[in-house]
Number of protein chains: 2
Amino acid sequence: MEEFGNENGLTQDLDSETIFIVSQTFKALGDPTRIRILNLLFKKECSVNEIADTLDIRQSTVSHQLRFLKNLRLVKYRREGTTLYYSHDDAHVMLILQQMIDHACHS
Amino acid sequence: MEEFGNENGLTQDLDSETIFIVSQTFKALGDPTRIRILNLLFKKECSVNEIADTLDIRQSTVSHQLRFLKNLRLVKYRREGTTLYYSHDDAHVMLILQQMIDHACHS
DNA sequence: TGTATATATGTTAATATATTCATATAAGGA
DNA sequence: TCCTTATATGAATATATTAACATATATACA
């Protein structure tokens with residue numbers, strides 16, 4: 001045991017609330033569109049239309065997905081006039097995303 | 001930049017194949033049943049029926065989900081008579097799972 | 001107040017997913 | 001070979017998800 005260390009992690013039984021949060025968060029990362037959005041927001045803060053234009057996704061789709069990510073506190077925004085600038089809001093999850101990307105690139 | 005380092009990770013544009021692999025892998029982790037199975041397999045190698053009994057999930061459901069995880073090379077098995085013993089097969093993904101569990105426990 | 005722009009929301013349709021039941025396969029032993 | 005046990009598979013159903021369209025809301029400004 002302890003192959004990966006233990007900080008109340010896999011070596012312990014999981015309560016249903018933890019399982020729910022973990023699966024919800026992974027589900028958020030389990031969609032190509034959301035990965036592209038988060039990858040963009042990793043590089044820089046963006047308005048909704050910037051995201052839509054850059055990634056060639058419809059504005060309403062971007063807005064729906066941003067709401068999804070916002071509910072999980074993975075992104076946040078600030079307002080400037082009528083424009084909302086979104087940025088990532090969970091460094092740990094972004095680190096996990098990067099690890100998985102590295103993992104995919106190396107295998 | 002470089003807040004999280006860079007090993008061809010988030011600071012670079014992603015090709016569609018990488019996005020696909022990453023999203024597929026996260027999708028595998030984005031389901032409560034699969035998280036419970038992987039969490040169990042982290043602790044020890046298990047037969048299909050052991051998994052089903054321990055987690056109170058039907059045998060066919062476990063088998064379907066194991067096939068899913070097997071296709072992504074997240075689990076493997078060895079045969080002993082009629083019994084198949086499954087175990088995890090991707091230490092890096094297991095590490096990522098544990099990180100997310102820790103993250104959920106601490107927030 | 002009216003108009004333009006940026007974003008959010010409601011609804012719908014297509015597709016994907018998860019689980020269940022029933023059954024098939026595969027291995028071992030009598 | 002027949003029977004038992006362990007696992008896999010196919011089909012069906014219920015549910016979830018995604019993206020699109022149309023429209024609503026909100027802010028700024030003339």
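In what follows, chains carry the letters A, B, and so on, assigned in the order in which the sequence lines appear, proteins first and then strands, with residues in each chain numbered from 1.
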With the side chain counted from C-beta on, respond yes when [X] and [Y] share a heavy-atom pair under 4.5 Å apart, and no when they do not.
{"X": "B:Leu95", "Y": "B:Gln99", "result": "yes"}
{"X": "B:Asp90", "Y": "B:Met94", "result": "no"}
{"X": "B:Leu29", "Y": "B:Leu38", "result": "yes"}
{"X": "A:Met100", "Y": "B:Val93", "result": "yes"}

At what distance, to the nearest 0.5 angstrom, does [atom1] of [X] lie from [atom2] of [Y]?
{"X": "A:Asp13", "Y": "A:Thr18", "atom1": "CG", "atom2": "OG1", "value": "11.0 Å"}
{"X": "A:Thr25", "Y": "A:Lys27", "atom1": "OG1", "atom2": "NZ", "value": "10.5 Å"}
{"X": "B:Leu84", "Y": "B:Cys46", "atom1": "CG", "atom2": "SG", "value": "13.0 Å"}
{"X": "A:Arg36", "Y": "A:Thr33", "atom1": "CZ", "atom2": "OG1", "value": "6.5 Å"}
{"X": "A:Asp89", "Y": "A:Leu72", "atom1": "CG", "atom2": "CG", "value": "11.5 Å"}

Check every nucleotide of DNA chain C for an atom under 4.0 Å from a heavy-atom of chain A, then give the first and the last such nucleotide from 5' to 3'. C:dA6 to C:dG10

For B:Arg78, give me all partners under side-chain contact (heavy atoms from CB on, under 4.5 Å), at least two apart in sequence or on another chain.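 Listed in chain order: B:Glu45, B:Glu80, B:Tyr85.
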
Is the shortest side-chain N/O distance from A:Gln65 to OP1 or OP2 of D:dA19 below 4.0 Å? yes

Looking at A:Thr61, does any N or O in its side chain come under 4.0 Å of the phosphate oxygens OP1/OP2 on D:dA20?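 Looking at the OP1 and OP2 atoms of D:dA20, one of them is under 4.0 Å from a side-chain N or O of A:Thr61.
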
Measure the distance from [atom1] on [X] to [atom2] on [N] and round it to the nearest whole Å.
{"X": "A:Tyr85", "N": "D:dT27", "atom1": "OH", "atom2": "P", "answer": "16 Å"}
{"X": "A:Ile57", "N": "D:dT18", "atom1": "CD1", "atom2": "P", "answer": "12 Å"}
{"X": "A:Asn71", "N": "D:dT17", "atom1": "CG", "atom2": "P", "answer": "13 Å"}
{"X": "A:Leu84", "N": "D:dT25", "atom1": "CG", "atom2": "P", "answer": "17 Å"}
{"X": "B:Asp53", "N": "D:dT5", "atom1": "CG", "atom2": "P", "answer": "14 Å"}

Could you run down the sub-3.5 Å N/O contacts of the protein with nucleotides 10-12 of chain D?
from   : atom 1 : to      : atom 2 : distance (Å)
D:dG10 : O6     : B:His64 : NE2    : 3.0

With sugar-phosphate meaning primed atoms plus P, OP1 and OP2, does A:Tyr77 contact a base, only sugar-phosphate, or nothing at under 4.0 Å between heavy atoms?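 Since no nucleic acid heavy atom lies under 4.0 Å of A:Tyr77, the category is nothing.
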
Heavy atoms under 4.0 Å, any strand shown: does A:Ser63 hit a base, just sugar-phosphate, or nothing? base

Give a yes or no answer on whether the side chain of A:Arg79 reaches the backbone of A:Gly81 with a donor-acceptor pair at less than 3.5 Å. yes

Kindly write out the residues that satisfy side-chain hydrogen bond (donor to acceptor under 3.5 Å, both in side chains) with A:Ser23, not counting sequence neighbours, or none if the list is empty.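 Here no residue qualifies.
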
Please figure out whether B:Ser47 or A:Gln59 has its closest DNA chain D nucleotide nearer the 5' end. B:Ser47

Extract from the structure each pairing of a protein N or O with an N or O of nucleotides 28-30 of chain D at less than 3.5 Å, listing the distance.
none

Quick one, which residues of residues 15-30 of chain A touch DNA chain C with a heavy atom under 4.0 Å? none

May I have the list of side-chain donor-acceptor pairs in residues 52-70 of chain A shorter than 3.5 Å, sequence neighbours left out?
from    : atom 1 : to      : atom 2 : distance (Å)
A:Thr54 : OG1    : A:Glu50 : O      : 2.6
A:Gln65 : OE1    : A:Arg34 : NH1    : 2.9

Any chance you could lay out the side chain to side chain contact (heavy atoms under 4.5 Å, CB included) test for B:Leu40 and B:Tyr86, step after step, and finish with the verdict? CA-CA 10 Å; B:Leu40 185 59; B:Tyr86 278 84; over 6 Å; no

